[in-house]
Amino acid sequence: MDERLINSARDAVHALLGNINSRNPNQSLLGLAVLDHLVKNGGYPIHLQIATKEFLNELVRRFPERPPMVTGRVMGRILEVSHQA
């Protein structure tokens with residue numbers, strides 16, 4: 001696989017992490033929507049980057065240790081997408 005393609009996929013996915021982990025819920029929702037589109041349309045290089053331990057560890061930082069009883073819009077969207085898979 002072309003090294004430039006892998007590096008650009010890594011850059012794209014890691015640039016989204018800042019948006020997804022943002023404290024602004026609108027920015028987080030937009031980041032999740034872009035990530036959803038990348039997963040559906042990005043192909044194999046994007047899937048490889050999303051499956052890395054580094055990406056998943058950064059994404060999990062969004063979740064609190066003990067989840068609150070009431071979910072916000074961002075957590076609701078994450079749960080909705082996870083139940084679709």
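Here, residue 1 is the first one in the sequence, and each next residue gets the next number. All values below were derived from every heavy atom in this structure, side-chain atoms included, with hydrogens, water molecules and symmetry-related copies excluded.
- Atom CG of L29 sits about 8.0 Å away from atom CZ of R77, to the nearest 0.5 Å.
- A heavy-atom distance below 4.5 Å is found between the side chains of E54 and H14.
- Applying side-chain contact (heavy atoms from CB on, under 4.5 Å) to F55 and the options L48, V60, V13 leaves one that passes, V13.
- For the atom pair CD (E80) and CG (D36), the distance works out to 9.5 Å, reported to the nearest 0.5 Å.
- Note: E58 CD to L16 CG = 13.0 Å, rounded to the nearest 0.5 Å.
- When all heavy atoms are compared, the tightest approach of S22 to Q27 is OG-OE1, 3.0 Å.
- Looking at N19, its side chain never comes within 3.5 Å of a backbone N or O of L30 through a donor-acceptor pair.
- From L59, atom CG reaches atom CG of N21 across 6.5 Å, with rounding to the nearest 0.5 Å.
- With H47 contributing its side chain and V39 its backbone, the two residues share a donor-acceptor pair below 3.5 Å.
- Minimum interatomic distance between A51 and L56 (heavy atoms only, all atoms of both residues): O-CD1, 4.0 Å.
- Using a 4.5 Å heavy-atom cutoff, the side chains of T52 and R10 are not in contact.
- You'll find the side chain of L35 stays beyond 4.5 Å of the side chain of V81, heavy atoms only.
- The backbone N or O of V74 sits nowhere less than 3.5 Å from a side-chain atom of S28 that would complete a donor-acceptor pair.
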